[in-house]
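Taking it in order: structure first as structure tokens, then the write-up.
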Amino acid sequence: MPDAAPEATAGPDLLGDAELLRRLYRQMVLIRRFEERVHALRQSGALQGSAHLYVGQESVAVGVCARLRWNDYVASTHRGHGHAIAKGVDVARMMAELFGRETGTNHGKGGSMHIADAAVGMLGATGVVGAGVPMALGAALSARTRGTDQVAVAFFGDGAMGQGLVYECLNMSRIWKLPLVFVCENNGYAESTPVEYALGTKHLAGRAEAFGVPAATVDGQDVFAVYGEMGRAVARARGGGGPSFLECQTYRYYGHFIGDDPRRYRTAEEEAYYRARDCIERFERAVVGRGALAEAELRAIDEEVGRTIEAAVRFAEESRPPAPSALTTDVYAR
Amino acid sequence: MPDAAPEATAGPDLLGDAELLRRLYRQMVLIRRFEERVHALRQSGALQGSAHLYVGQESVAVGVCARLRWNDYVASTHRGHGHAIAKGVDVARMMAELFGRETGTNHGKGGSMHIADAAVGMLGATGVVGAGVPMALGAALSARTRGTDQVAVAFFGDGAMGQGLVYECLNMSRIWKLPLVFVCENNGYAESTPVEYALGTKHLAGRAEAFGVPAATVDGQDVFAVYGEMGRAVARARGGGGPSFLECQTYRYYGHFIGDDPRRYRTAEEEAYYRARDCIERFERAVVGRGALAEAELRAIDEEVGRTIEAAVRFAEESRPPAPSALTTDVYAR
Amino acid sequence: MARELLFSRAENEALRQEMERDPTVILMGEDVAGGAGRADQGFIDAWGGPMGATKGLIQRFGPERVIDTPICEMGFIGAAVGAAVTGLRPVAELMFVNFVGVCLDPIMNEGAFLRYMLGGQVSVPLVIKTAIGATGRAPERGGGSAAQHSGSMYSIFAHVPGLKCVAPSDPYTAKGLLIAAIRDDDPVVYCSHRQLAGTKGEVPEAPYTVPIGKARTLRPGRDVTLVGIARMTGVCLEAADRLAGKGVEAEVVDLLSLSPLDEETLVESVRRTGHLVVVDEDTPRCSVARDVAAVIADRAVDHLDGPVKTVTAPHAPVPYSGVLEAAYVPTPEAVVAAALATLRD
Amino acid sequence: MARELLFSRAENEALRQEMERDPTVILMGEDVAGGAGRADQGFIDAWGGPMGATKGLIQRFGPERVIDTPICEMGFIGAAVGAAVTGLRPVAELMFVNFVGVCLDPIMNEGAFLRYMLGGQVSVPLVIKTAIGATGRAPERGGGSAAQHSGSMYSIFAHVPGLKCVAPSDPYTAKGLLIAAIRDDDPVVYCSHRQLAGTKGEVPEAPYTVPIGKARTLRPGRDVTLVGIARMTGVCLEAADRLAGKGVEAEVVDLLSLSPLDEETLVESVRRTGHLVVVDEDTPRCSVARDVAAVIADRAVDHLDGPVKTVTAPHAPVPYSGVLEAAYVPTPEAVVAAALATLRD
Ligand SMILES: Cc1ncc(C[n+]2csc(CCOP(=O)(O)OP(=O)(O)O)c2C)c(N)n1
Ligand SMILES: Cc1ncc(C[n+]2csc(CCOP(=O)(O)OP(=O)(O)O)c2C)c(N)n1
Ligand SMILES: [Mg+2]
Ligand SMILES: [Mg+2]
């Protein structure tokens, strides 16, 4: 297994776009530091509440969302921090949400599994496996009916491919030619269940193709590969060409939720294999190695991100919890 | 369109089995006469209650069930009379059920959409589109766990292929290698919605293949074709080889339910095309034409079937409705 | 003379008028038009939805707003939720309420909870239009539609916070409640009783709303309050007639809104009459009927002069046989008997 | 001294003993064992189900009887129904009760209705084991699991004819009710409160059943009846202690069986005490709490000396924030206040 990690696949066009490279890097690092901080806060007992960490998969969210406009739509999953950050949700308000504070994205009512920010098209994470997919489909339908050229993205895991709902949506997206991109994050596991057991295969794109939805499989730990394929999918969607399916092969470094020990069901060798392909390190090697960005630039970004995260934690800690009256507001619009 | 109807595909082995031929013929005619009688009773107002007629599709139920043993399982649909008769349910008790009588298969509590007879492995029709499929899957799982070599069949329509549930079952059947045969009766319509609109294609077998389930498409109006392909599927299932998927291309002659006028959504030409391929007529041409059975034999069967149906109607009409107390029995076993 | 319309035509008119008024209103469901994709062959609007309630709309508004769906309630109602939070006001047709079995998730966990989970960021202006109730076919000649097509089940919707649920009892309330549901910024389940579809009544032509959250007193009376839901309101009126013949003055309240519940009207009525019978075609356990009874037992117990009675279906699925189905659904006789029982001393 | 066990170990023991006793009992669900298909790599039983309640069973009974499923509740619970009518007694794990949204159909339209629709031809000996309730995490340091993972929702199951539904309140009733559910020939939803999983109590080692359909009186009292469900039974006991300090003798009834309902025990208690408070973590509308209240308002109205009170969650989804979650769930203080309100005159 320990074959050499392949280089990230940035072509010359991308390597020439320093602005883009900085953005991709910053977002990947921002997600990782956010998550690591959440992990530490949970370990210390300072923070409680259900949370599923995205570390290891950053290149998927970042590569996908880098192709989107602010008013395109994203529907997310229980493992949604990365999607939210990549779509532009403010990390301070996200952290405050995890702390259950009034200043949180959802005013403390949703927590990790439901982080949303309608202002940037983040429709929300959903805790029911698969349930975000029709939400994105509906957003795509809505965009088309309203005559905009907005695109919708549905993120979901390999586990969600057990749910029939996903196939219902593949079918509808195709017959209505909707501007929808299915992004399947195949990290190999649903909780402790390996994908090759649950679905009888490690390769999921073929299922989408059987529904007439063009599908591609990419190395999800290569942000350029994701960005490249997503470019084609978004162009198809925005151009009226209908849905696409992107299978991103990736890996989560932590357990299913904070507290889960993944060594109960995954080998150290397998983990090592994927960690050797770490999306941030590969990005750095490709970009610095080929002189597209100076290492110092990256370190400066690291530092800025570090400060941003610490400010987010302070913001969260200093924010008030919701007023007791919040218990029964927002149940109805009126 | 009016190309010549192809001959039914009986090979010499089948043509030599007069016993089997008589059985296939009798069951197809029994289903048709039963249904036509129900239609007439409904038209005259003598009978009420939801019912969906199977006429036109007889060769599917008969070809499939002719490969099954009495204790193999069948889960059916809202259009279930044909499946029930082919699996060996008594038509008198079925007719009594439609009349809502105590002597009915379900003692009058289920009606057309739920006809069942556990004694012959008919697990029941179900009125929720797709819901019979997991039932058959569970029966297959049960057979395997109990160590029998029973096989289960799930009948469902093209419309059911819109339901994600069917794909959940394809997936489970495959990973667990269950003795299950999926029989998709593609009659081109779900209510008034054409399959090529609802599913974007007229060809459904490829979807099963994408789940790793071996699939075949047959001319569902040719009882020998169905019987042949079903033979392979049952052998695979009983031999531990796992599930199969059979797409049977067929047609219903009447409307979706009794009272629906199919000319609101189907052309006369299309109807003529399929009627020219009528499964009973093609059978008769093939069998009599090639001397496997004498025409007189078929006429004798016709007569016997006619008497059986009339006796069934009399039985139903003379039976009592359920006692008032039946309203609240059978809710619980105890 | 005022204009009379069939119940299902009143619904049709409500949909048409709202779709005209507001271009964000769309309609989705199986065969809401029918014959889909065959317009070039002259097949359009072949079906027109259950009871023909959506007939004619596709000709007026086109297939982009009157959307025939594949059979996938979980998927298309989930999509309706997604559309509702992004600028549309979808009306999703759930052919029979029993099929909530295949789509409770988008109705409850997403549709109803989303606004709260998101801290009020979004509204979910969604209508789920569905058919409820037994068929009422001729007892001796067969039966109805049996257990999977004849339920009422609205107590499930009333239970879920974030949802609203209404059940009209005549063409007038059908049109008014459907328009109110469409204009409402929250998800509303609109329950249309299949046996009412063919009934007639006065319906103003101009659009109007019947307010969600308000019950309606159809007949005043001082001896006992009869509360009806959907078709049971007619049963209560008939019972009230019969009770009048026995010298009992029954007040009839048409509940209309199952969630939110108009507690004030109910409490106020029972405080006057001292006696309550709630009539509900749904099964009894955790029903709207018992919910109303419990509210009264909390808020008006001092005014009660007898047991609070509920007349409901038995705790059993709906039977097929016409004979059994007729015995399943509450009758005026049963309501009269219950009313007399509350008055027993 | 009698043996003490954790609630979740009591459930584990119940499953193990029944699977030993009866080879037709099987277990299905997501990660009920875990690490599936990796036994050759030494990964077996990696997870052991929610709260580890099914840990160790696959080693004993093998993957043919302890079946890890893909994530497809509608499919595998539908399959469990099919297995139940063909000779097995499946226990299907529904990780959290909210997920009933994706599988109500096989539970209701098939599981619960099948026997009736088929005129008694088949039984459906199926157990759905599910987790209910809020997390109860520390208020100021974040939150719980929010709206889609913290519901109670058993009123939906109680509403459905053909289903039974139980909710144990301690390790003893957990083991006894789970065994009873497995042996029952009808479909039973077994609701396991997540906050009880880590509680300890006396549990006999030999298999035993706690009868379905019977409530249990945990503390006698003559002034007011407090009825608790699952974790709320402990809340009632605590409230009873506090009420004792105020000179009020509260009787505490542990409901245990939500369907069928033990009306006799309830009616008999309220006839003695004349006052009733029902405590339920579920939302109020069409809840089990209001169902019990309505039964009393019908059957024991003459014995009531005050309003019938229910103490429930508000009509709102479960919030994430620990501060709000703590305010969401009924507390002993709220029960005491309700009890005093029923005694107000
Ligand atoms: C309908 C439903 N069933 C079960 C669960 C419990 N659950 C939460 S996450 C998860 C696994 C999801 O796996 P996958 O889709 O691969 O996403 P990943 O966790 O790997 O990101 C499960 C079973 C759920 N949330 N919803
Ligand atoms: C879940 C669900 N949705 C909708 C319906 C209403 N309905 C009954 S039959 C039917 C069409 C089914 O089409 P198909 O599966 O092709 O079977 P066919 O009627 O052609 O035999 C529909 C939509 C239903 N019974 N169940
Ligand atoms: Mg995964
Ligand atoms: Mg069809």
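Note that the structure is predicted; figures quoted are calculated from it, not measured. Residue numbering restarts at 1 for every chain, and letters A, B, ... go by the order of the sequence lines.
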Practice task
Measure distances from Tyr73(B) to the heavy atoms of chain D and classify the residue's part below 4.5 Å as side chain, backbone, both or neither.
Solution key: side chain
Problem - Between Gln148(D) and Asn98(D), a side-chain donor and acceptor under 3.5 Å - result: no
Completion exercise
Counting heavy-atom pairs under 4.5 Å with chain B, the top scorer among Val122(D), Ile67(D), Val85(D) is Ile67(D)
Practice task
Could you tell me whether Arg38(D) and Asp68(D) have a side-chain N and a carboxylate O separated by less than 4.0 Å?
Solution key: no
Completion exercise
Most contact-rich option vs chain D, by heavy-atom pairs under 4.5 angstrom, among Thr145(B), Thr126(B), Leu137(B), is Thr145(B)
Practice task
Please look at Leu165(B) and chain D and tell me whether the side chain, the backbone, both or neither of the residue comes under 4.5 angstrom of a heavy atom of that chain.
Solution key: side chain
Practice task
Measure Ile115(B) against the heavy atoms of chain D and call it side chain, backbone, both or neither at under 4.5 Å.
Solution key: neither
Exercise for the section: Report yes if the distance between the aromatic ring centroids of Phe155(B) and His83(B) is under 6.0 Å, otherwise no. Expected result: yes
Exercise for the section: Sort out for me which of Thr69(D), Ile77(D), Ile26(D) touches chain B most, counting heavy-atom pairs under 4.5 Å. Expected result: Thr69(D)
Exercise for the section: Against chain B, label Phe76(D) side chain, backbone, both or neither, depending on which of its atoms sit under 4.5 Å from a heavy atom there. Expected result: both
Exercise for the section: Say whether Arg146(B) and Thr24(D), considering side chains only, have a donor N or O and an acceptor N or O under 3.5 Å apart. Expected result: no
Problem - Distance flag, aromatic centroids of Phe113(D) and His114(B), threshold under 6.0 Å - result: no
Handout entry: Residue pair Tyr190(D) / Glu93(D), side-chain donor-acceptor N/O under 3.5 Å
Key = no
Fill in the blank from the handout: If one checks every heavy atom of Glu64(D) against chain B at 4.5 Å, the contacting part turns out to be both
Exercise for the section: Say whether Arg79(B) and His256(B), considering side chains only, have a donor N or O and an acceptor N or O under 3.5 Å apart. Expected result: yes
Handout entry: Heavy-atom contact with chain B under 4.5 Å, split by part of Pro106(D)
Key = neither
Exercise for the section: I would like to know whether Val295(D) and Glu263(D) meet side chain to side chain contact (heavy atoms under 4.5 Å, CB included); could you show each step before the answer? Expected result: CA-CA 7 Å; Val295(D) 167; Glu263(D) 294 192 13; 3.7 Å; yes
Exercise for the section: Pick whichever of Arg65(D), Lys164(D), Met28(D) has the most heavy-atom pairs under 4.5 Å with chain B. Expected result: Lys164(D)
Completion exercise
Bottom line for Leu327(B): the part with an atom under 4.5 Å from chain D's heavy atoms is both
Practice task
Side chain from CB out, backbone as N, CA, C, O: work out which of these in Ala326(B) comes under 4.5 Å of a heavy atom of chain D, or both, or neither.
Solution key: backbone
Handout entry: Close side-chain approach of Glu73(D) and Leu94(D), heavy atoms under 4.5 Å
Key = yes
Fill in the blank from the handout: Under 4.5 Å to a heavy atom of chain B? For Ile71(D) that would be neither
Problem - Asp72(B) bridged to Arg238(B) by N-O distance under 4.0 Å - result: yes
Handout entry: Contacting region of Asp185(D) [heavy-atom separation from chain B under 4.5 Å]
Key = both
Problem - Atom group of Leu163(D) that falls short of 4.5 Å from chain B, counting heavy atoms - result: backbone
